[in-house]
Amino acid sequence: MPFNKIEPKADFPALEREMLAMWEKTGAFDKLREINRGKPKWSFLDGPITANNPMGVHHAWGRTYKDVYQRYFASLGRELRYQNGFDCQGLWVEVEVEKEHGFEDKKEIEKFGIGKFVTECKDRASKFAAIQTEQSKRLGYWMDWDNSYYTMSDENNYGIWAFLKKCFEKGLVYKGNDTMPWCPRCGTGISQMEMNEGYREVAHMSAFVKLPIRERPGENLIVWTTTPWTLSSNVAAAVREDMTYVKIKQGDQFYYVGKANFENARTHPVQQLDLKTLPNLMSLQSIFKNNGSFEVVEELKGAALVGLTYDGPFDMLDGAKEAAVAHCVIAWKEVTEGEGTGIVHIAPGCGAEDHQLGKDLGLPVVAPLLEDGSFRAEFGFLAGRKVDGVADEILADMKKRGVLFAKEKYFHRYPHCWRCKDELVFRLVDEWFISMSWRDQIVESARGAKWIPEWGLDREVDWLHNMGDWMISKKRYWGLALPIWDCKACGHFEVIGDRDELKARAISGWDEFEGRSPHRPWIDGVKIRCASCGDESVSRVKEVGNPWLDASIVPFSTMGYFSDRENWEKWFPADFVVEALPGQFRNWFYALLTVSTMMEGRAPFKLLKGHALVVDDVGQPMHKSDGNAIWFDEAAEQFGVDVMRWLYASASPERNVLFGPKHCDETRRDVILPWWNIYSFFSNLARVDGFDPAEHTATLDQRSLLDNWILSDLHTLVRTAHEAYSSFDVAKVCSEAQRFIDVLSTWYVRRSRRRFYGGEWSTDKRAAYATMYEVLTTLNRLMAPIIPFLSENIYQNLVVRQDDAAPKSVHHVPFPQANEGLIDESLSQRVAASIRIVSLGRSARKNSKLKVRQPLARFVVDPGSDTEREAVEQFEDHLREELNVKEVTIASEQVLKEFDIPSVTISVEPNMKTVGPKFGRQASSARELIAQLDGVKVEEAFARGETVGVDGVEATLSPEDVLLTRFYGDDWAGASDGATTVRLDKRLTPELRNEGLARDVVRNVQSLRKQAGLDIADRIVLGLVGSGLEEMLGQCGAYIQNETLAAELHTAAIADALATVEVKIADQPVSIGLKKMA
RNA sequence: GGGCUCAUAGCUCAGUUGGCAGAGCGCGUCGCUGAUAACGACGAGGUCCCAGGUUCAAGUCCUGGUGGGCCCA
């Protein structure tokens, strides 16, 4: 079948959709799996994507990597699992469902019904998994989409039970309490990892509060807080023993504060907000001044205050009773001289550090808040009030009672719920934990895998060492049902390891549960008998599990660990995992390693590769709320996914990728379009010429030097691509391929173009076609993992249409092997040299304002190396044509004389690479002295085999120590680069001048032909009117007629011209007119 | 507060064992005109963040800063 006619302006998104449909119709993916079935395995483990929203462009980076490497290993004949994962359970899904219903808090969920709510969460995850599946297909991501894993599956959930049971058996599961960040709206604790993501800068009304010292009437401590509600739970006041404090007298009262704190200028600790618009903070000193005159009466060490007792601000509330008797000044080394008063309000029930300190010192804990962030009944006027609305009232109340010293609006970073954006509070809660006492084992697992980049391992180990015990519970609804049955009667708890165990242990509720997924609320009805006290109403704890558990059991649950161990052993551990780096050290990677170490004592992957983030055009993180996020679908249809994939594949993995229209355009222009242009150039010619790849072949010795060169470079590229792909460095494949495309376009095709024109199938034409065909099909296969659509489209035309026996998809073709026999390093170097010399020639022309259109008599090359000399000899024709000269000559003494090339002046520059070591300490001064040498004399001396001395220094110069730069006479245009010098003869004979004029005329006529809408083959009558054209026409008339298909050439205006134009040629006005031949 | 990391052209980034500061984009000039809304060439553009130090020689090595980013506390 003939080759397709290729439109130069391609609609890539449309082309991609066509290929998608074709794959779908022909079952191309299934066919690939069939081809590789039973072959050596390559195990990829997919980190599940959160199935809660449609994909953004940022998801496409990681997925591009996943698909690229899968396609590469498939092309090597490896069997793959192709299993995609969806992360389904967790708060983020709940939040969206809540939003849909407009729920404000957990009460509304319970009113709505946990069962209905959980079902909707499930449905939402399924819905977006389906949407993401379609989007992933559009990305060209080849996966076994009917076999994706879902973290909400029974297999996955029961798998986690098994893990937790193991932890339990080792005594690592415990119920703990801690003061932790809590989201009052979501009614759940926020883990350390989650909190890191939620900091925002906000203003709070802060309070300076008086604490009257019981032992010393009239004397007060002053503490400061940005969270006045915590004052209700104050237990102690902390000072640093070695810090200096001042005692200040104001009116009839005395106050204690830190000396440095007292004197410090204060600032808001914010970075993002516009600092100029922030109100200034008053120093503590100024705050005193505001209250009237004062005087510092004494300086003392903090130690002098320790042990004093004081009256708390809310001792009258029932809830604070226990603390009231305990109020005392304690020593704490964390107290600072920076912000605050130097005396720190300690509320162990309202702050993590406070809680730790309280534990250490055995202080009572006052926990004032309920789950929903409201005050407990024992807190008097605050009872039932939500914590986020009481600051003003608390301040007003303290003011009324005279214990408020001052208040002030204060801007700072404060943690917020990463999902609902509400402010977090610190709250004392019971949660379930896995002890990390065995962290060293996990570290060992981490070390057992290879990490790219290498520092990833260090980062992970660092995290593992610092990580506290893993809080695995969440007081929510949609998630793993923690398999912990906790006996209310005796406090004994146990972990159930799987469904069968639960069935065996169940004494009630099983029948209702049977047939349900192990989720709330259905699982909650199953009761067991307490193994310790025999109580028969032991229920599961209410909590659900941390979602990172869900994602981390997958190396086991998805590979058949619990159902088909033999199969599991074939795929575990995974050969490859690739995910975005930031965050995952403390999330998925951490959890994966923890679970897998518990289950099998080793990492679940052999190699982990990480990459950075996708940010917008100007480097800012993409956020839906900032309006700079780009949805995947939009980008896919605007730029095409091949462009997107190339952009991602070519990016440096450790650096954030800037994604935006500008960068997509750049990628398209730099890579996709040049590649397409080369391809369409070939296909269109092949179509017209009736090229048949089976028939029009060429042996190596029938091919031209250029052919052998491009084949050499091609196979070097194949070799490099293999190395790069298999070391997971696709960016290198991209950069090398791009370099190849560039040289293919700008040299091979450019230089070979004419070989494709003309009718007969000469040996040379066959060679050109055969070579081009091999280059295109090979390069196409090479890039197929990166740009699967475009390469498929090209393959269908270049191969499938020509050969019925060929594999039906480019992705079924084995990856090409480098033919080392075709690689000729020295030929590549010679071609590179010829390209360099042409570039020098162009530079010389440019410097002397001699346009390429003007033919010149002679190009003289003084080669800088043997390679260049050979290049000039071998590629003389190319040099002549590219530079439009009549002759190319290699410089020699005889040549210089013969063509009257004047002696040149030469400047001398030191080559510091050799001069440095040789001159040592004197190198600097030598450098200047050398530059002043007479270059001609230096060159002559070298020519005689002598070295050259430099005044004032001892060593002498050899040829390799200096660079000599030549200057050329009036008749010559020259350029030099290193040791290479080229010269162009600037002298124009009348014949040369005429030829130049003729080419000017031709160019203008061609442009006029195009304007007039003539077909390439139309013949014309041409009229030229202008002074001084006769001689030129006499010499070059035939040439002009030939080039412009002018059957007639007149030196008079054409009477009924189709088009005319007035131009200037060699500064002379010329009128050109033409009409179509009848 | 501690650790890691980055800082090079207007932009995005290379720069290996220390040895004449680079690429692409953008910009400017020009060319080509049967790859044509395409393509090519040439050019301009630098306080290599700052200050010290080592060295004949520092973008590169060392020390200390400044400024960004990430992580931890």
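Each chain gets a letter, A, B and so on, in the order its sequence line appears, and its residues count up from 1.
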>> Checking base pairs now: Watson-Crick or wobble, both atom distances under 3.5 Å. What partners B:G52?
In response: B:C62

> Starting at CZ of A:Arg751 and ending at C1' of B:G40, how long is that distance when rounded to a whole Å?
Replying inline: 13 Å

>> Please report the distance separating the C1' of B:G22 from the corresponding atom of B:C72, rounded so that it comes out in whole Å.
In response: 38 Å

> Roughly, in whole Å, what's the span from CH2 in A:Trp455 to P in B:C4?
Replying inline: 14 Å

> Is the backbone of A:Asn587 close enough, under 3.5 Å, to the side chain of A:Trp548 for a donor and an acceptor to pair up by distance?
Replying inline: no

> Paired with B:G45: which nucleotide, if any, by Watson-Crick or G-U wobble criteria at under 3.5 Å for both distances?
Replying inline: none

>> Can you check the distance between B:G52 and B:G19, where both ends of the measurement are the C1' atom (answer in whole Å)?
In response: 23 Å

> So what does A:Asp458 touch, heavy atoms closer than 4.0 Å: a base, only the sugar-phosphate, or nothing?
Replying inline: nothing

>> Using Watson-Crick or G-U wobble geometry with both distances under 3.5 Å, which nucleotide pairs with B:G67?
In response: B:C6

> Can you tell me how far C1' in B:G10 sits from the matching atom in B:G46, rounded to whole Å?
Replying inline: 12 Å

> Taking OP1 and OP2 of B:G26, is either one under 4.0 Å from a side-chain nitrogen or oxygen of A:Arg669?
Replying inline: yes

>> Taking the six-membered ring for Trp, are A:Phe12 and A:Phe639 closer than 6.0 Å centroid to centroid?
In response: no

>> Can you tell me which nucleotide in B:C39, B:C25, B:G40 comes closest to the side chain of A:Arg750?
In response: B:G40

>> Distance check, C1' atoms only: B:G67 and B:C56, in whole angstrom units.
In response: 34 Å

> Counting only heavy atoms not in A:Arg993, do more than 12 fall under 6.0 Å of its CZ?
Replying inline: no

> Starting at CD of A:Glu882 and ending at C1' of B:G31, how long is that distance when rounded to a whole Å?
Replying inline: 12 Å

>> Quick test of your reading of the model: are A:Arg1003 and A:Asp1000 salt-bridged, counting only N-O distances below 4.0 Å?
In response: no

>> Please encode protein proximity along nucleotides 5-10 of chain B as a string of B, S and -, counting only heavy-atom distances under 4.0 Å.
In response: ------

> Distance check: side-chain N/O of A:Arg753 vs OP1/OP2 of B:A35, anything under 4.0 Å?
Replying inline: yes

>> Could you identify the nucleotide paired to B:C39, looking across every strand shown and requiring Watson-Crick or G-U wobble geometry with both distances under 3.5 Å?
In response: B:G31

> How far does the C1' atom of B:A23 sit from the matching atom of B:C48, given to the nearest Å?
Replying inline: 16 Å

> Taking for each residue the nucleotide of RNA chain B bearing the nearest heavy atom, is the 5' side occupied by A:Leu658 or by A:Phe681?
Replying inline: A:Leu658

> Of all the nucleotides listed (B:C4, B:G24, B:G40), which has the minimum atom distance to the side chain of A:Asp742?
Replying inline: B:G40

Donor-acceptor contacts under 3.5 Å from residues 672-686 of chain A side chains, at least two apart:
| unit_1 | atom_1 | unit_2 | atom_2 | d |
| --- | --- | --- | --- | --- |
| A:Trp676 | NE1 | A:Glu7 | O | 3.2 |
| A:Asn677 | ND2 | A:Leu673 | O | 3.3 |
| A:Tyr679 | OH | A:Asn797 | ND2 | 2.8 |
| A:Ser680 | OG | A:Trp676 | O | 3.3 |
| A:Ser680 | OG | A:Asn677 | O | 3.2 |
| A:Ser683 | OG | A:Asn4 | O | 2.8 |
| A:Ser683 | OG | A:Asn797 | ND2 | 2.9 |
| A:Asn684 | OD1 | A:Ile6 | N | 2.7 |
| A:Asn684 | ND2 | A:Ile6 | O | 3.1 |
| A:Asn684 | ND2 | A:Ser680 | O | 3.3 |

> Roughly, in whole Å, what's the span from CG in A:Leu673 to P in B:G40?
Replying inline: 11 Å

>> Taking the ring centre of each residue, are A:Trp470 and A:Tyr590 less than 6.0 Å apart?
In response: yes

>> When you compare the side chains of A:Trp455 and A:Glu654, does any donor N or O come within less than 3.5 Å of an acceptor on the partner?
In response: yes

> What interatomic distance, in whole Å, is found between C1' of B:C4 and the corresponding atom of B:A41?
Replying inline: 45 Å

> With both distances under 3.5 Å as the test, what is the Watson-Crick or G-U wobble partner of B:A23?
Replying inline: B:U12

>> Tell me the interatomic distance from A:Leu883, atom CG, to B:G40, atom C1', rounded to whole angstroms.
In response: 13 Å

>> Closest-nucleotide mapping onto RNA chain B: is A:His663 or A:Thr746 further toward the 5' terminus? I mean the 5' end.
In response: A:His663

>> The criterion is salt bridge (charged side-chain N to carboxylate O under 4.0 Å, His left out); which residues satisfy it with A:Arg240, sequence neighbours excluded?
In response: A:Asp242

> What integer number of Å spans the P atoms of B:G45 and B:G28?
Replying inline: 16 Å

>> With rounding to the closest Å, how many angstrom separate the C1' atoms on B:U60 and B:G15?
In response: 9 Å

> Rounded to the Å, how far apart are A:Leu647 CG and B:G24 C1'?
Replying inline: 13 Å

> Whole-Å distance between B:C4 P and A:Glu454 CD?
Replying inline: 16 Å

>> Measure CE/A:Met772 against C1'/B:A35 and give the value in whole Å, please.
In response: 10 Å

>> Under 4.0 Å, counting only non-hydrogen atoms across every strand here, what does A:Ser745 touch: a base, just sugar-phosphate, or nothing?
In response: base

>> Is the ring pair A:Tyr769/A:Phe691 parallel, tilted or perpendicular, if the boundaries are 30 and 60 degrees?
In response: parallel

> What is the pairing partner of B:G1, taking Watson-Crick or G-U wobble pairs with both distances under 3.5 Å in any strand?
Replying inline: B:C72

